[in-house]
Asks: 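Here it is, the structure, as structure tokens.
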Amino acid sequence: MKLFVSEGNPHCLKVLSALEVTGVQCDVQYVNHEERVVPFLSRPTLPALLLPSGLHLFSSNAICRYLFEANGQESSEVCNQWLEWEATDLQPALLQALHMAVLQGKGSEVYKVLQGPLNFLDQSLSKGNTPYLTGEAVSIADIVLWATLCPVLSDPSLALGDCKSVKAWFDRVAATQSCQSAANKVLQGKGLQGMKSYMQKQPAPQSNQCRETQLCNSN
Amino acid sequence: MALRELSSLEKYLGLKKPNKYSTQGEKKVPVLQNNNGPPLVGLVTIACHLVKEAKRPELLGGSAETRAVVQQWLEYTITKVHNCTKEDTKTILKDLSLYLQDKVYLASNQITLADIFLYYGIHPIIMDLSFQEKEQCVNVTRWFDHIQHYPGIRHHLPVVVVLRNRIYTGRHH
């Protein structure tokens with residue numbers, strides 16, 4: 001089993017954190033952002049996990065699921081729900097936010113893009129009244145969401161409003177040794193700027209408005 | 001669209017009592033009211049719940065590896081295929097055609113929820129292809145044709161005629 005990652009790639013933070021948390025044995029290889037590891041995908045996609053069967057996983061959430069399951073922790077329905085929300089709602093908003101903050105120098109506008117998802121997360125956390133997203137212990141949902149939000153929430157220059165519950169939860173997850181170590185590997189202490197070379201290679205994200213229109217058309 | 005997919009999935013699974021769904025937000029995300037706990041939100045989350053309810057765990061994959069591969073294609077369907085542009089369509093068909101080159105099903109050697117969902121998701125795209133375009137992604141159309149004729153899956157969707165006879169050309173007849 002082999003995990004392919006690249007430095008400064010925000011998606012790799014998820015899988016490296018999951019690897020540290022679960023302690024699963026796996027070779028980790030650092031490659032260039034442009035390396036086409038998954039043979040059937042026309043765009044280079046990282047991270048990628050080469051499974052013992054020879055198949056590749058190219059979705060960071062699926063890789064996290066596999067690592068947690070290999071460690072005996074199958075994803076619960078509540079976790080599934082958070083992972084789906086991460087993929088459909090949080091991730092597109094975050095990529096747009098990173099694009100603005102890292103490439104366009106529009107850090108002040110990031111809050112507008114992330115406001116919706118952050119408020120939703122904040123309300124869920126304060127309503128749930130547990131230290132972590134799905135209960136008393138860290139789950140796959142905490143690791144995946146923490147890693148997604150890490151680049152923006154650990155940057156003090158981005159004003160991200162008053163989401164008290166999100167901040168308390170974020171600091172709680174960030175305090176674990178595994179998350180710290182993964183964040184250091186990916187961001188190398190350079191914060192948002194550490195992602196510049198990765199972001200430059202990505203297509204500009206579609207604006208929310210055009211996503212919504214397409215959704216309406218396809219429905 | 002999401003609610004029709006869930007209702008077709010319920011029929012395929014043979015669930016006796018149809019569930020009641022509502023939707024939330026601008027994107028009309030499906031919500032399932034759950035008697036034993038908080039409501040479930042999200043198309044894939046609800047679909048996986050239905051599969052468990054119907055006691056058909058093999059549809060989610062028989063091993064940890066297959067389960068991860070199934071989840072990956074479910075995510076691919078809702079994030080890449082569901083709201084894709086014309087330009088994305090080309091990449092999706094090209095990539096899938098290469099992936100399916102040596103496969104009958106997406107995630108294992110039997111049908112899984114990933115096949116059913118991608119079939120629902122890609123149906124409008126395949127409907128719009130010309131015969132020539134269909135021939136350019138022949139592995140996708142072969143897989144698609146197989147799934148649309150798989151007993152009990154098609155339900156709300158019309159059959160798409162995907163292939164001309166490629167083996168015998170007109171002059172052999």
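Proteins come first, then strands; the chains are lettered A, B, ... in the order of their sequence lines, and each starts at number 1.
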Asks: Could you tell me whether B/Lys134 sits above the aromatic face of B/Phe131, with NZ or CZ closer than 6.0 angstrom to the six-membered ring centre and within 45 degrees of the axis?
Replies: yes

Asks: Can a donor-acceptor pair be found, under 3.5 Å and without considering hydrogens, that links the side chain of B/Thr89 to the backbone of B/Thr85?
Replies: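 Here the side-chain-to-backbone pair exists.
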
Asks: For A/Leu41, is it the side chain, the backbone, both or neither that has a heavy atom under 4.5 Å from a heavy atom of chain B?
Replies: both

Asks: For side-chain hydrogen bond (donor to acceptor under 3.5 Å, both in side chains), just list the numbers for A/Ser139 and A/Thr134, CA-CA rounded to whole Å, side-chain angles, deciding distance to a tenth of an Å, and then say yes or no.
Replies: CA-CA 7 Å; A/Ser139 71; A/Thr134 58; 3.1 Å; yes

Asks: Please look at B/Leu43 and chain A and tell me whether the side chain, the backbone, both or neither of the residue comes under 4.5 angstrom of a heavy atom of that chain.
Replies: both

Asks: Would you please name every residue forming a ring-ring contact (aromatic ring centres under 6.0 Å, His included) with B/Trp143, sequence neighbours left out?
Replies: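 So B/Trp143 forms no ring-ring contact (aromatic ring centres under 6.0 Å, His included) with any residue.
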
Asks: Looking at A/Leu46, is its backbone amide N or carbonyl O close enough to the side chain of A/His33 to form a donor-acceptor pair, meaning the two atoms are under 3.5 Å apart?
Replies: no

Asks: Is chain A contacted by the side chain of B/Gln72, its backbone, both, or neither, given a heavy-atom distance below 4.5 Å?
Replies: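 Both parts, backbone and side chain.
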
Asks: Assess, by modelled atom type and distance only, whether the side chains of A/Lys2 and A/Gln29 contain a donor and an acceptor separated by less than 3.5 Å.
Replies: yes

Asks: Measuring heavy-atom distances to chain B, does A/Pro52 have an atom under 4.5 Å in its side chain, in its backbone, in both, or in neither?
Replies: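 Interface part for A/Pro52: both.
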
Asks: Scan side-chain atoms only and decide if B/Asn19 and B/Glu10 contain a donor-acceptor pair under the 3.5 Å cut-off.
Replies: yes

Asks: May I ask you to decide if A/Ala62's main-chain N or O and A/Ser59's side chain share a donor-acceptor pair within less than 3.5 Å?
Replies: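 Here the side-chain-to-backbone pair exists.
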
Asks: With only heavy atoms counted, which part of B/Lys90 is less than 4.5 Å from chain A, the side chain, the backbone, both or neither?
Replies: neither

Asks: Checking an interface table here. Which of residues 64-82 of chain A come within a heavy-atom distance under 4.5 Å of chain B?
Replies: A/Arg65, A/Tyr66, A/Glu69, A/Glu74, A/Glu77, A/Asn80, A/Gln81

